[in-house]
Amino acid sequence: MKMRKVVSVIGAGNVGEHVASLLALRGLVDVRMFDIPRKDGEKVIEPVKGKALDIRQMLAAIDIDAKVEGYTVSPEGNGYEALEGSDIIVITAGFPRRPGMSREDLLEKNLSILSVICEKIKQYAKEAIIIVVTNPVDLMTYAVYKMLGFSKRKVMGMAGVLDSARFKTFISQEVKVSPKDIHAYVIGGHGDEMVPLISISNVGGIPLKDMLPKEKLSELIKRTQFGGGEIVDLMGTSAYYAPAASIVEMVEAIVTDNKRILPCSVYLEGEEGKYYEAEDVCVGVPVKLGNCGVEEIINIPMLPEEREMWRRSVSSVRKNLKVVEEMLHARSVL
Ligand SMILES: NC(=O)c1ccc[n+]([C@@H]2O[C@H](COP(=O)([O-])OP(=O)(O)OC[C@H]3O[C@@H](n4cnc5c(N)ncnc54)[C@H](O)[C@@H]3O)[C@@H](O)[C@H]2O)c1
Ligand SMILES: O=C(O)C[C@H](O)C(=O)O
């Protein structure tokens, strides 16, 4: 009997718990959630077990059949045995930013969390495909790729799907057309210099640039670039509904081998590195996803002004790569 794929979610906080419940609701995969315990006054509680139980009871209420388990782990890496057999591992562990912070402010503390997690993935799940979510995501994807030593086709960061969803939302509000009929791509680093590609965006096949004046287009670009911060300022923490749905799109593409082309942060070198002028760095580009992970990197055409934006975006990711490399050296990964 064909076993259902297993998706492990490490970090069952705002994003991770919504990934787990969305995946369970689709009934496509079995889900294992991992998180650390929490102190509630003098008591030590295990929220991840409660969330898994609650999701199972939600499924029972609506007659959906999927296995969801919660495992309490320690910050030192104990308790990860159930990672064994994971087909996909989503890493959502770590701190989110608060108002006034940049994603890069999270770098040091989140990298130390992910270095322990990577040790456990290497120990228990060498075959898994890895989706990195923890911020700053391009740098974390680079660090996870280097720490794991897995094929570059099996390590990817989620951000472009989320940024493109935001871009589509803003376009949809502007032109009063369903997002279903809007094709919009955001590539580059997941930061203020990300690159919404106006040249290939369209509304029902009509080029976006023919539908809106230049000023409006640059307004949409700006709002997309600061979309994460807009929500952090409104909520006091970072977004989780749209991120979780974006992660699930990537998981579904891999699990169903549906050959979706989605913007993901991946390690660039060789031919793709040359085309994108980005060697030895992880940054968002359109990739074809299948059951083995990244099947192909798509060399997307860019107008000269977009290529300029792209170069700025890659260098904004690269400027913090040095800190990551120093931390990896300190852990004798590099
Ligand atoms: N790539 C993206 O587009 C994107 C989108 C949203 C959030 N994020 C990032 O995802 C991360 C999680 O965001 P969130 O809103 O879910 O935060 P959150 O604080 O709600 O959840 C983080 C979870 O990680 C857990 N955790 C902390 N240390 C751990 C450890 N050592 N081992 C296992 N689990 C541990 C915490 O207990 C918590 O449950 C943040 O870094 C955030 O910036 C990225
Ligand atoms: O903005 C954040 O810190 C979270 C995430 O990167 C987002 O874009 O929502």
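Side chains included, hydrogens not; waters and symmetry mates left out as well; all remaining heavy atoms used. Just follow the structure's listing: the first ligand is 1, and inside any ligand the first atom is 1. All values derive from a computational prediction rather than experimental measurement.
- Residue Val137 has at least one heavy-atom neighbour below 4.0 Å for each of these atoms of ligand 1: 1 (N).
- In the vicinity of Arg97, heavy-atom distances shorter than 4.0 Å reach the ligand 2 atoms 1 (O), 2 (C), 3 (O).
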**Request:** List the steps, then state whether salt bridge (Lys or Arg N to Asp or Glu O under 4.0 Å) holds for Glu295 with Lys288.
**Result:** CA-CA 5 Å; Glu295 288 195 357; Lys288 188 194 290 183; 5.0 Å; no
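- Near Pro243, with a cut-off below 4.0 Å to any heavy atom, the atoms of ligand 1 are 5 (C), 6 (C).
- Residues Tyr145 and Phe150 keep their aromatic ring centres 6.0 Å or farther apart.
- Every atom of ligand 1 with a heavy atom of His190 under 4.0 Å away is listed here by number and element: 2 (C), 3 (O).
- Screening Arg38, Lys49, Glu46 for a side chain to side chain donor-acceptor pair (under 3.5 Å) with Thr72, the sole residue that qualifies is Glu46.
- For ligand 1, the atoms sitting less than 4.0 Å from at least one non-hydrogen atom of Asn110 are 41 (O), numbered in the order shown with element in parentheses.
- Distances from atom 19 (O) of ligand 1 to the heavy atoms of Gly13, Ala242, Pro37, Pro96 show the closest one on Pro96.
- Any N or O atom pair closer than 3.5 Å counts here, and Asn135 shares at least one such pair with ligand 2.
- The pair Asp257-Lys259 meets the salt-bridge criterion, since a charged nitrogen lies less than 4.0 angstrom from a carboxylate oxygen.
- Side-chain N or O atoms of Glu306 include one that pairs as donor or acceptor with a backbone N or O of Ser199 at under 3.5 Å.
- Applying the 6.0 Å contact sphere to CD of Glu326 captures more than 12 heavy atoms from other residues, nucleotides or ligands.
- Residue contacts with ligand 2 for Arg166 involve side-chain atoms from C-beta outward but no N, CA, C or O (heavy atoms, distance under 4.0 Å).
- Near Tyr80, with a cut-off below 4.0 Å to any heavy atom, the atoms of ligand 1 are 32 (N), 33 (C).
- Scanning all heavy atoms of the two residues, the minimum distance from Tyr276 to Ile300 falls at OH-N, 2.9 Å.
- Each of the atoms 27 (C), 28 (N), 29 (C), 30 (C), 32 (N), 33 (C), 37 (O) of ligand 1 lies under 4.0 Å from some heavy atom of Ile36.
- Nearest to atom 41 (O) of ligand 1 among the protein's heavy atoms is Phe95 O, 2.8 Å.
- Residue contact annotation: Leu162 has a non-hydrogen atom under 4.0 Å from ligand 2.
- Annotation: cation-pi geometry satisfied between Lys109 and Phe95 (NZ/CZ under 6.0 angstrom from ring centroid, within 45° of ring axis).
- Distance from atom 6 (O) of ligand 2 to its nearest protein heavy atom, with residue and atom name: His190 NE2, 2.6 Å.
- If you check each of Gly227, Gly94, Ala12, Ser74 against atom 24 (O) of ligand 1, the one with the closest non-hydrogen atom is Gly94.
- With distances taken over non-hydrogen atoms, the option nearest atom 18 (P) of ligand 1 out of Asn14, Leu162, Leu114, Val133 is Asn14.
- Taking any N or O of Ser238, backbone or side chain, none lies under 3.5 Å from an N or O belonging to ligand 2.
- The parts of Asn135 lying near ligand 1 are both backbone and side chain, judged by heavy-atom distances below 4.0 Å.
- Figure legend: cation-pi geometry between Arg166 and Tyr241 absent, as NZ or CZ is not positioned both under 6.0 Å from the six-membered ring centre and within 45° of its axis.
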